[in-house]
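Naming convention: chains lettered A, B, ... in sequence-line order (proteins, then strands); numbering from 1 in each chain.
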Amino acid sequence: MENQENSPAAEIPVQTVEDIFTQRVNKVQELKNEGAKPFGEAFEGAEHVSIIREKFKDDSTEEVSCCAAGRLTAFRVMGKSIFADIRDSSGRMQLYAQKGHLSEEDFAKFKKLDIGDIIGIKGVLFKTRTAEITIKVTDYRLLSKSLRPLPEKWHGLTDVEQRYRQRYLDLIVNDVTRETFKKRFAIIREIRNFLEQKGFIEVETPMLQPIPGGASANPFKTFYEALNSPMYMRIAPELYLKRLLVGGFEKVYELNRNFRNEGMSRRHNPEFTMIEIYQAYGDCRTMMALIEELVTTVAMNVLGTLEIKHSEDKIINLSRPWRIAPYNDLIKEKAGNDWFEVSSEERLKRGREMGLKFEGTPPDFEVTHEIYEKLIEQTLIQPTFVTRLPAVLVPLAKKCEDNPSLVDVFELEINGQEVSPGYSELNDPIEQRRRFEEQTGSADAGKIDEDFLTAMEHGMPPAGGMGIGIDRLVMMLTGAESIRDVILFPQLRPKSN
RNA sequence: GAGUUGGUAGCUCAGUCGGUAGAGCAUCGCCCUUUUAAGGCGGUGGUCCCGGGUUCGAAUCCCGGCCAACUCACCA
């Protein structure tokens with residue numbers, strides 16, 4: 001313990017992460033004293049390591065020089081030479097620093113780098129004995145000193161809570177996380193490209209609304225000081241997008257966040273991303289064709305395949321055409337061909353026999369829908385358009401021409417959950433007003449959006465409309481089992497110290 | 001909101017019947033010029049989630065709380 005005077009940082013006994021922090025802060029001070037900049041300036045000219053790797057040619061004797069920047073993720077010191085790994089957004093690259101290729105002083109300083117530091121390097125490519133393309137460092141610069149240790153290199157970071165709360169660590173350490181989010185944002189980009197090519201216009205409508213409408217959900221309430229007026233975070237953009245149909249926009253969509261003041265779960269986050277698409281002069285079938293083409297195009301462009309493997313025995317096949325199954329057919333398939341003829345008592349009895357729980361004497365449609373939600377929906381792994389739903393379930397859509405008790409809509413089910421509802425939109429303002437009044441009569445409804453009704457009274461073209469839950473679409477396309485794995489910063493309860 | 005499971009070093013995890021708190025990695029020191037979970041030798045590192053209780057003695061048993069995951073409810 002005597003020969004430490006040449007290494008001031010070592011004088012701090014390392015005990016806790018706070019001590020590591022203190023020791024690194026001291027290193028920063030040392031560097032500053034030596035005239036170095038531990039939190040350096042711009043470092044232009046670096047290429048992605050994936051590009052650099054391509055430049056190496058086995059048969060060439062010419063030296064290929066290169067320039068890279070990234071975070072140190074591993075450090076293997078072997079006396080007078082050092083192997084290290086850096087990672088940039090394109091991947092990992094091995095570095096080799098050798099006494100002889102660097103000055104005595106530079107080599108000593110390189111040796112003092114820590115895992116987690118961000119550095120810029122210049123060097124030449126070579127292949128190691130084990131045939132790994134590696135950069136021999138000829139010059140380097142510290143760009144940002146890391147003051148805190150990274151998670152362990154082998155097991156990484158597995159604690160789910162910490163992965164969500166400190167997503168940056170998850171992204172540094174876990175390849176799967178990084179890939180999932182790259183895919184997420186590629187999917188969103190491809191959706192926009194697709195709709196652009198189809199002549200749709202992306203629009204923006206209010207997220208801060210005086211009357212939250214377009215869905216039945218509990219809104220987040222807030223207050224706008226300047227107007228001395230309560231406001232709500234939107235639960236859906238629907239009523240504003242329909243105003244645009246009135247205004248003459250024929251093909252519009254909005255891809256952004258909605259907010260619902262409900263519980264969170266594996267499938268729910270209080271803020272979630274949804275796209276709503278409307279096409280004037282179309283209907284529900286227009287939208288079915290559109291979403292089939294949209295999802296398959298996006299899957300091919302992002303994943304290069306229509307087969308998505310979730311597990312050994314669960315492979316989702318997006319090949320077209322997708323199954324179309326009328327709601328009542330699915331019910332009869334599950335609950336008996338005579339289901340809609342038998343008495344209410346008989347239906348309750350059969351429901352209970354199938355393991356469902358009912359209290360009191362629920363109306364027939366509730367018993368039927370319980371069968372759909374609890375027993376059928378989760379079995380619809382392959383893409384299925386569930387069509388012709390009971391009108392009582394969907395109050396804001398057009399009725400089927402041949403049967404007024406059914407509405408002309410679809411619910412697209414993939415991977416056992418609803419990915420997208422689509423509608424032949426109601427454009428009759430008198431009927432719309434009647435249904436709003438029916439709703440506000442019920443317990444949880446809000447105020448009627450008179451401005452929206454006024455808009456529709458000016459004439460809204462018949463239209464097809466649909467929404468796609470982007471988070472769930474990404475789950476389906478990436479094989480994620482939890483919505484938190486496809487949202488960068490999912491909602492968690494704030495943690496007090 | 002209810003039920004189940006969990007929370008131990010910076011990270012990944014052990015911890016027996018209630019009897020001095022453990023390992024690997026990271027970190028620190030020494031050795032090492034083709035390693036890649038580098039290797040060898042030697043160290044440091046703990047509010048055992050928080051607060052009570054039982055006990056001679058609690059990471060361990062009991063009660064309460066916090067946070068998370070899963071299931072359910074609401075919802076997309």
Query raised in the report: Within less than 4.0 Å of OP1 or OP2 of B:rC74, is there a side-chain N or O belonging to A:Arg260?
Result: no
Report task. Tell me which residues in residues 170-178 of chain A put a heavy atom below 4.0 Å from RNA chain B, sorted by number, or none. Result -> none
Query raised in the report: Between the base of B:rU34 and the side chain of A:Ser81, is there any donor-acceptor pair under 3.5 Å?
Result: no
Query - Partners meeting side-chain contact (heavy atoms from CB on, under 4.5 Å) with A:Glu370 (sequence neighbours left out) - result: A:Leu356, A:Phe358, A:Lys374
Report summary line: Closest to the side chain of A:Ile483, out of B:rA76, B:rU34, B:rU27, is B:rA76
Query raised in the report: Taking only residues two or more places apart in sequence, or in another chain, which ones meet A:Phe83 in a ring-ring contact (aromatic ring centres under 6.0 Å, His included)?
Result: A:Tyr96
Query raised in the report: Within less than 4.0 Å of OP1 or OP2 of B:rC66, is there a side-chain N or O belonging to A:Arg493?
Result: no
Report task. Considering just the side-chain nitrogens and oxygens of A:Thr158, establish if one lies under 4.0 Å of OP1 or OP2 belonging to B:rC13. Result -> yes
Query raised in the report: Using 30° and 60° as the class limits, which term best fits the ring planes of A:Phe259 and A:Phe220: parallel, tilted or perpendicular?
Result: perpendicular
Query raised in the report: Hey, is the side chain of A:Gln162 poking within less than 4.0 Å of OP1 or OP2 on B:rC11, counting only N and O atoms?
Result: yes
Query - Selected nucleotide, minimal atom distance to A:Leu157 side chain, candidates B:rA68, B:rC11, B:rU33 - result: B:rC11
Report summary line: Closest to the side chain of A:Arg24, out of B:rU34, B:rC70, B:rU27, is B:rU27
Query raised in the report: Should A:Lys374 be listed as having a side-chain N or O under 4.0 Å from OP1 or OP2 of B:rA73?
Result: yes
**Report entry** Check: B:rU34 base within 3.5 Å donor-acceptor of A:Arg129 side chain
**Finding:** no
Requested in this report: Compare side-chain N and O positions of A:Arg484 against OP1 and OP2 of B:rA69 and report whether any pair is under 4.0 Å apart.
Outcome: yes
Query raised in the report: By salt bridge (Lys or Arg N to Asp or Glu O under 4.0 Å), which residues pair with A:Arg388, not counting sequence neighbours?
Result: A:Asp402
Requested in this report: Not counting sequence neighbours, which residues clear ring-ring contact (aromatic ring centres under 6.0 Å, His included) with A:Phe410? List them please.
Outcome: A:Phe385
Report summary line: As its Watson-Crick or G-U partner within any shown strand, both distances under 3.5 Å, B:rU5 has B:rA68
Could you list all N or O pairs between the protein and nucleotides 21-25 of chain B that sit under 3.5 Å apart?
| residue | atom | partner | partner atom | Å |
| --- | --- | --- | --- | --- |
| B:rC25 | O3' | A:Lys153 | NZ | 3.3 |

Report summary line: From the candidates B:rU33, B:rA68, B:rC74, the one with an atom nearest any side-chain atom of A:Glu262 is B:rC74
**Report entry** Check: A:Glu132 side chain, B:rU34 base, donor-acceptor under 3.5 Å
**Finding:** no
**Report entry** Among B:rU35, B:rA76, B:rC67, the nucleotide that comes nearest once only the side chain of A:Arg472 is considered
**Finding:** B:rA76
